[in-house]
J.: 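Before I ask anything, here is the structure I am working with.
Residue numbering restarts at 1 for every chain, and letters A, B, ... go by the order of the sequence lines.
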Amino acid sequence: MTAGAANADATKAGAAEAGRDFIRDIVQADVDTGRVRGVVTRFPPEPNGFLHLGHAKSICLNFGVAKEFGGRCHLRFDDTNPVKEEQLFIDSIQRDVRWLGFDWGEHLYHASDYFEQLYDYAEHLIRAGNAYVDDTPPEAMRAQRGTLTEPGQNSPFRTRPVEESLDLFRRMRAGEFPNGARVLRAKIDMASGNMNLRDPVLYRILHARHPRTGDAWAIYPTYDFAHGQSDAIEHITHSICTLEFEDHRPLYDWLIENLPVPSTPHQYEFARLNVTYTVLSKRHLTKLVADGLVSGWDDPRMPTLAGIRRRGVPAAALREFVARVGVARAYSVVDVAMFEAAIRDTLNPTAPRRMAVLRPLKLIIENYPEGQTETLEARNHPDNPDAGTRPLTFGRELYVEQDDFMEHPPKKFFRLSPGKEVRLRWGYLVTCREVVKDAAGTVVALRCTYDPESRGGNAPDGRKVQATLHWLAAADAKPAEIRLYSHLFNRPDPGADGDVLADLNPDSLDVLADALVEPALLDAPVGEAVQFERTGYFAPDPDSQPGRPVFNRTVGLRDTWAKVSAKG
RNA sequence: UGGGGGAUAGUUUAGCGGUAAAACUCCCGGCUCUGACCCGGGCAUCCUUGGUUCGAAUCCAGGUCCCCCAGCCA
């Protein structure tokens with residue numbers, strides 16, 4: 001029985017319907033056959049970095065499936081490695097999951113909540129002869145493990161008596177040995193073709209302070225030992241993870257079978273998300289932050305949820321993107337254009353329209369009375385009258401976009417050029433009469449005339465113009481800083497040649513310090529995107545100061561002219 | 001014959017024996033007070049070879065290519 005409405009707020013018809021991929025097919029079958037009573041999933045991040053686009057896919061999948069099947073999804077921190085994990089990340093992860101639109105209710109857990117239970121399970125394994133304490137040093141252990149094509153060798157400690165292992169394991173816990181001195185290993189099969197079954201390490205000695213358990217422990221369970229058992233303790237029915245854990249599944253199942261756990265969860269794997277011009281590995285993202293190559297985890301160019309949010313992308317757009325991408329088992333790299341399309345499609349129906357001039361060019365209307373201004377009315381949304389209107393000041397001195405003027409225009413250039421008439425949106429038709437240049441020959445202003453009969457934007461004689469330009473009256477244009485972003489990397493597959501940082505795009509940030517915006521934009525709420533007509537979607541940045549707003553370009557509008565002009 | 005997994009338009013997916021569908025991208029055109037939105041149209045040797053079948057992307061057999069695994073990371 002599916003609810004099938006998890007992404008009901010997806011904005012575009014034709015979007016992938018929630019509920020049809022191989023994971024959901026499995027869950028459906030398990031529900032139909034009664035293998036499970038209720039559906040319980042979990043999102044299990046390790047708190048060693050910020051959540052990113054890839055996690056969004058996992059979050060939407062895990063929380064989405066749970067919701068659709070009337071079950072629940074736990075948020076569980078996989079905090080088994082205190083040397084890498086921090087409270088900062090624990091906090092940011094919760095904020096980001098909530099922002100994405102999901103709620104774990106009372107079900108917030110940590111693998112560290114189960115340390116005592118996991119320890120008992122470990123002793124159980126030892127007593128059953130299924131695990132042993134190994135004193136082999138790391139390098140020697142690596143040599144004994146064999147290679148992909150050659151079997152490994154049994155450790156000399158593999159036959160250690162149960163009582164001795166038990167005693168040693170207890171003393172490991174008591175902190176009697178230094179880091180790396182011994183480990184607890186499962187006794188499975190050193191000749192297995194699956195490396196994960198060659199007596200995997202279950203516990204290692206780590207004299208490290210844990211964000212939650214402090215100094216209570218000197219030993220910590222590995223991912224393999226903690227994850228499945230945590231799933232079992234929480235009665236997770238479907239433990240969904242990415243493809244690289246596929247060959248851990250036999251170990252996952254082995255542990256579940258050999259331990260007196262309260263339930264038998266199953267693991268399913270799907271292909272992780274990859275996006276062109278983007279890097280989604282914690283290692284690389286951490287490096288970008290640590291080396292100061294971006295302003296922080298929430299730099300709007302970062303693929304982190306914090307960065308995406310700051311850039312102005314609504315959570316609904318992210319959910320829509322994930323839904324469009326789908327879930328499968330084949331390795332894939334999604335075109336970042338698909339993400340941008342989802343953002344536009346989400347924002348277009350609702351984002352209020354405003355005008356902003358990114359690179360101002362003065363325009364003087366010669367036949368407009370000096371010192372006079374008037375108020376015009378502009379619609380806030382072209383397709384939605386309910387969005388209302390706002391007043392716009394018109395006057396003799398205006399600003400238009402530098403890109404909207406060419407002294408020697410190519411054939412298909414519809415905008416302003418000497419002698420050409422265009423419309424100023426919601427204003428008047430104006431004709432360029434004269435180009436004013438400075439000593440260096442740079443165009444500094446345009447002298448134009450306007451048609452007083454065209455108030456509102458149309459001439460009584462019905463004549464047409466090819467272009468409508470956005471503009472601002474000098475009298476009330478407000479200064480603003482506008483930050484334009486492009487891909488952080490300059491090739492679709494950063495790092496393909498080995499060095500990710502070498503592929504950083506040096507021009508990913510373009511700060512326009514002298515932009516102008518409508519007065520109505522001065523009190524725009526941070527993070528809420530508006531459309532600057534003809535240029536894109538923008539959102540106020542937290543760096544904004546009173547009287548000095550800062551806007552981030554969330555995503556540009558589709559720009560057909562740019563393609564035409566590029567072709568020459 | 002180390003183990004595990006995957007191949008459907010440029011990209012991501014659907015298709016589950018009945019004659020390839022959608023979204024994104026790209027190209028052509030229409031509409032337009034945003035060159036936006038919107039609306040038409042175009043873009044597939046279903047990895048390959050053979051087999052089963054009236055009929056195969058779907059089933060079978062062989063081959064090819066790609067991805068993951070040798071942390072006391074997750």
J.: Please state how far atom CD in A/Gln466 lies from atom P in B/U32, giving the value in whole angstrom units.
T.: 13 Å
J.: Salt bridge check, A/Arg20 against A/Asp25: does any charged N sit closer than 4.0 Å to a carboxylate O?
T.: yes
J.: Please state whether the phosphate of B/U13, meaning OP1 or OP2, lies under 4.0 angstrom from any side-chain nitrogen or oxygen of A/Ser332.
T.: yes
J.: Tell me which nucleotide, if any, is Watson-Crick or G-U wobble paired with B/C38 when both distances must be under 3.5 Å.
T.: B/G30
J.: Can a donor-acceptor pair under 3.5 Å be found between the side-chain atoms of A/Arg353 and the base atoms of B/U34?
T.: yes
J.: Measure from CZ on A/Phe414 to P on B/A36 and round the result to the nearest Å.
T.: 10 Å
J.: Within the structure shown, what part of the strands sits under 4.0 Å from A/Phe321 by heavy-atom distance: base, sugar-phosphate, or nothing?
T.: nothing
J.: To the nearest Å, how far apart are A/Arg20 CZ and B/G15 P?
T.: 9 Å
J.: Could you check how far CG of A/Asp345 sits from C1' of B/A36, rounded to whole Å?
T.: 12 Å
J.: Between A/Thr276 and B/U11, is there a side-chain N or O to OP1/OP2 distance below 4.0 Å?
T.: no
J.: What's the CD-C1' distance between A/Glu518 and B/U34, to the nearest Å?
T.: 13 Å
J.: Using whole Å, what does the distance between atom P of nucleotide B/G2 and atom CD of A/Glu150 come to?
T.: 12 Å
J.: When you compare B/U58 with B/A9, how far apart are their P atoms, in angstrom units rounded to a whole number?
T.: 14 Å
J.: Looking at the angle O4'-C1'-N9-C4 for a purine or O4'-C1'-N1-C2 for a pyrimidine, is B/G71 syn or anti, with syn meaning within 90° of 0?
T.: syn
J.: Take the angle between the ring planes of A/Phe538 and A/Phe532 and call it parallel below 30°, perpendicular above 60°, tilted in between.
T.: parallel
J.: Indicate the ring-plane relationship of A/His52 and A/His55, choosing parallel, tilted or perpendicular according to the 30° and 60° boundaries.
T.: tilted
J.: Measuring only the C1' atom in each nucleotide, how far is B/U45 from B/C31? A whole number of Å is fine.
T.: 38 Å
J.: With sequence neighbours left out, write down each residue that passes side-chain contact (heavy atoms from CB on, under 4.5 Å) with A/Phe22, or none if nothing qualifies.
T.: A/Ile26, A/Phe270, A/Val327, A/Arg329
J.: Identify, with sequence neighbours excluded, every residue that meets salt bridge (Lys or Arg N to Asp or Glu O under 4.0 Å) alongside A/Asp383.
T.: none
J.: If you check every side-chain atom of A/Asp25, which of B/G4, B/C16, B/G2 has the closest atom?
T.: B/C16
J.: Identify whether the distance between the nearest side-chain nitrogen and carboxylate oxygen of A/Arg463 and A/Glu421 falls below 4.0 Å.
T.: yes
J.: Which nucleotide, in any strand shown, forms a Watson-Crick or G-U wobble pair with B/U11, with both distances under 3.5 Å?
T.: B/A23
J.: Considering every strand shown, what is the Watson-Crick or G-U wobble mate of B/A70 when both distances are under 3.5 Å?
T.: none
J.: Could you tell me which nucleotide pairs with B/A44 by Watson-Crick or G-U wobble geometry, both distances under 3.5 Å, or answer none if nothing does?
T.: none
J.: Using salt bridge (Lys or Arg N to Asp or Glu O under 4.0 Å) as the criterion, list what pairs up with A/Arg142, not counting sequence neighbours.
T.: none
J.: Given that both distances must come in under 3.5 Å, which nucleotide forms a Watson-Crick or G-U wobble pair with B/A61?
T.: B/U49
J.: Going 5' to 3' along nucleotides 67-74 of chain B, which nucleotides have protein heavy atoms under 4.0 Å from the base (write B), which only from the sugar-phosphate (write S), and which from neither (write -)?
T.: -BBBSBSB
J.: Classify the angle between the aromatic ring planes of A/Tyr119 and A/Trp217 as parallel (below 30°), tilted (30 to 60°) or perpendicular (above 60°).
T.: tilted
J.: If the C1' atom of B/U64 is compared with that of B/G71, how far apart are they to the nearest Å?
T.: 33 Å
J.: How far does the C1' atom of B/C47 sit from the matching atom of B/U34, given to the nearest Å?
T.: 45 Å
J.: Give A/Gln531 one of three labels, base, sugar-phosphate or nothing, depending on what nucleic acid heavy atoms sit under 4.0 Å from its own.
T.: base
J.: Please report the distance separating the C1' of B/G17 from the corresponding atom of B/A22, rounded so that it comes out in whole Å.
T.: 23 Å
J.: Which residue pairs pass the side-chain hydrogen bond (donor to acceptor under 3.5 Å, both in side chains) test when at least one of the two sits in residues 554-568 of chain A, sequence neighbours left out?
T.: none
J.: Are A/Tyr203 and A/Phe169, when compared by the centres of their aromatic rings, separated by less than 6.0 Å?
T.: yes
J.: Under a 3.5 Å cut-off for both contacts, is B/C16 paired Watson-Crick or G-U wobble with anything, and if yes, with which nucleotide?
T.: none
J.: Return the nucleotide paired to B/U1: Watson-Crick means purine N1 to pyrimidine N3 with N6-O4 or O6-N4, wobble means G-U with N1-O2 and O6-N3, both under 3.5 Å.
T.: none
J.: Tell me what A/Val564 touches on the nucleic acid: a base, only sugar-phosphate, or nothing, going by heavy atoms under 4.0 Å.
T.: nothing
J.: Of A/Trp561 and A/Asp335, whose nearest nucleotide on RNA chain B comes first from the 5' end?
T.: A/Asp335
J.: Remember a base hit wins even if backbone is also touched, and classify A/Arg415 as base, sugar-phosphate or nothing at under 4.0 Å, heavy atoms.
T.: base
J.: With sequence neighbours left out, what residues match A/Arg249 under salt bridge (Lys or Arg N to Asp or Glu O under 4.0 Å)?
T.: A/Glu269
J.: Between B/C37 and B/C26, how many Å separate the two P atoms, rounded to a whole number?
T.: 11 Å
J.: Say we look at B/A36 and B/U25: how far apart would their P atoms be, to the nearest angstrom?
T.: 12 Å
J.: Between B/U11, B/C37, B/G5, which nucleotide has the shortest distance from any of its atoms to the side chain of A/Arg329?
T.: B/G5
J.: Heavy atoms under 4.0 Å, any strand shown: does A/Lys57 hit a base, just sugar-phosphate, or nothing?
T.: nothing
J.: Using the C1' atom as the reference point in each nucleotide, state the distance between B/G41 and B/G4 in Å, no decimals.
T.: 45 Å
J.: Give the nucleotide from the list B/U34, B/G35, B/C27 with an atom nearest to the side chain of A/Lys412.
T.: B/G35
J.: If the cut-off is 4.0 Å, is A/Arg558 near the phosphate of B/C37, judged by side-chain N/O to OP1 or OP2?
T.: yes
J.: Please determine, for the side chain of A/Arg534, which listed nucleotide (B/G35, B/A36, B/C26) has the closest atom?
T.: B/G35
J.: Nearest whole Å is fine: how far is B/U34 P from A/Leu557 CG?
T.: 11 Å
J.: Between atom CD in A/Glu246 and atom P in B/G4, what is the gap in whole Å?
T.: 10 Å
